[in-house]
Amino acid sequence: MKKLPLSFYQRDDVLQIATELLGKILVTKWKGIITSGRIVECEAYDGVIDRASHAFAGRRTARNEIMYAEAGSAYVYICYGIHHLFNVVTNKKDIPHAILIRALEPLQGINEMLRRRKKTQLDNLLTKGPGSLSVALGINVGHNGISLRSPELFIADDGFISENKNIGCSSRIGVESAGEAAKYPYRFYIRGNPYVSGSPK
DNA sequence: GAGTAGATCCTCT
DNA sequence: GAGGATCTACTCA
């Protein structure tokens with residue numbers, strides 16, 4: 001299992017990167033405690049031309065500044081006052097592409113994830129949905145801007161065979177008010193995986 | 001099992 | 001002052 005190189009994140013095609021992120025492993029290691037999960041669902045946000053993106057039309061504020069930073073950074077922000085959403089920043093500096101990680105399949109540290117989620121038994125809701133997986137992996141806004149190749153938080157490839165992914169594609173979730181952009185087929189997921197959020201298609 | 005409402009607070013207008 | 005890249009519990013069937 002090895003960390004993804006920066007060149008993985010620095011490419012132009014955010015949709016391509018999003019599909020390739022499926023099957024990769026997101027790992028956090030806070031205070032020596034490792035938790036990890038395989039990425040089974042994500043959504044691409046296509047920078048300034050995507051109305052659903054925080055950076056639509058070049059908006060640049062203190063909150064979304066990280067979207068304009070170097071590829072391979074983590075963009076974490078709070079939604080609805082409660083949920084911490086974890087994004088991967090891609091493309092070159094000053095091009096605000098990002099990919100929202102929406103669901104994981106738990107791998108390591110399941111007991112710790114259960115404790116963080118205040119659950120007693122593993123079910124397929126543990127890391128389903130962007131707010132839930134952030135809690136399970138211990139991610140919060142304090143991690144905004146850190147590198148995805150740091151010792152505490154990184155994305156790795158364990159050789160998951162891409163041909164077996166069986167990738168599904170649909171419109172994004174929770175962006176109904178974004179007009180035309182709400183219809184873009186920018187959500188990608190692994191078909192049949194029980195940890196994918198929303199209704200399976 | 002499906003549908004709905006409430007939680008809760010930071011950010012930008 | 002409004003609204004948001006959501007989750008959960010509760011109702012009803």
Side-chain angles (χ1 to χ4, degrees), chain A residues 9 14-15 17-19 21-22 26 37 39-69 71 73-91 95-106 113-145 148 155 168-190 193-201:
Chain A
Y9 305 103
V14 68
L15 300 179
I17 298 172
T19 60
L21 270 179
L22 293 176
L26 175 60
I39 297 170
V40 297
E41 181 183 359
C42 61
E43 289 178 0
Y45 285 84
D46 194 11
V48 298
I49 60 170
D50 184 349
R51 191 164 157 190
S53 168
H54 292 162
F56 174 65
R59 278 201 297 259
R60 185 164 184 164
T61 65
R63 181 177 69 156
N64 69 15
E65 181 65 27
I66 294 300
M67 295 183 79
Y68 292 84
S73 302
Y75 173 42
V76 184
Y77 76 99
I78 293 179
C79 184
Y80 295 101
I82 308 171
H83 306 293
H84 298 254
L85 272 57
F86 174 76
N87 296 253
V88 174
V89 176
T90 69
N91 212 315
I95 301 181
H97 286 182
I99 299 169
L100 170 68
I101 307 302
R102 289 192 55 87
L104 301 175
E105 176 182 337
M113 291 194 262
L114 289 171
R115 193 183 63 73
R116 288 174 184 154
R117 296 269 286 122
K118 299 182 171 33
K119 295 167 81 76
T120 53
Q121 202 173 348
L122 176 63
D123 61 21
N124 57 20
L125 299 177
L126 181 64
T127 50
K128 179 194 291 226
S132 300
L133 76 87
S134 295
V135 173
L137 291 186
I139 295 170
N140 61 59
V141 288
H143 306 123
N144 191 33
L148 296 174
I155 297 178
C169 177
S170 80
S171 55
R172 291 172 292 186
I173 293 176
V175 296
E176 292 79 7
S177 59
E180 269 302 302
K183 303 184 190 126
Y184 296 168
Y186 284 1
R187 170 174 171 253
F188 304 98
Y189 55 93
I190 297 180
N193 188 291
Y195 293 95
V196 172
S197 69
S199 53
K201 291 197 179 76

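In what follows, chains are A, B, ... by sequence order, proteins preceding strands, each numbered from 1. Note that the coordinates shown come from a computational prediction; the quantities given were computed from them, not determined experimentally.
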(request) Rounded to the nearest angstrom, tell me the gap between atom OH in A:Tyr77 and atom C1' in B:dT11. (result) 12 Å
(message) Under 4.0 Å, heavy atoms only, any strand: does A:Arg172 hit a base, just the sugar-phosphate, or nothing?
(response) nothing
(message) Side chain of A:Thr61 only, heavy atoms from C-beta on: which candidate in C:dT6, B:dT11, C:dA5 is closest?
(response) B:dT11
(request) Consider the side chain of A:Arg63, meaning its heavy atoms from C-beta on, and name the nucleotide among B:dC12, C:dC7, C:dA5 that approaches it most closely. (result) B:dC12
(message) Can you say whether a donor on the side chain of A:His83 sits under 3.5 Å from an acceptor on the base of C:dA5, or the other way round?
(response) no
(request) Kindly determine whether A:His54 and A:Asn64 satisfy side-chain hydrogen bond (donor to acceptor under 3.5 Å, both in side chains), including the steps that lead there. (result) CA-CA 7 Å; A:His54 292 162; A:Asn64 69 15; 5.9 Å; no
(request) With heavy atoms under 4.0 Å as the rule, sort A:Ile82 into base, sugar-phosphate or nothing. (result) base
(request) Identify whether a stacking contact exists between A:Tyr45 and C:dA5, where the ring centres must be under 5.5 Å apart and the planes under 30° apart. (result) yes
(message) Does C:dT8 have its OP1 or OP2 closer than 4.0 Å to a side-chain nitrogen or oxygen of A:Arg117?
(response) yes
(message) With a cut-off of less than 4.0 Å, is there a side-chain N or O of A:Arg51 near OP1 or OP2 of C:dA5?
(response) no
(message) Using every non-hydrogen atom in the two residues, find where A:Met67 and A:Ser53 come nearest and quote the distance to one decimal.
(response) CE-OG, 3.7 Å
(request) Look at the side chain of A:Arg59 and decide which nucleotide, out of C:dT6, C:dA5, B:dT13, has an atom nearest to it. (result) B:dT13
(message) Determine whether a donor-acceptor pair (N or O, by modelled atom type, separation under 3.5 Å) exists between the side chain of A:Asn144 and the backbone of A:Val76.
(response) yes
(request) Quick one: look up who C:dT6 pairs with, Watson-Crick or G-U, both distances under 3.5 Å, and put none if it's unpaired. (result) B:dA7
(request) Sort out for me which residue in A:His83, A:Arg102, A:Glu41 forms a side chain to side chain contact (heavy atoms under 4.5 Å, CB included) with A:Pro130. (result) A:Arg102
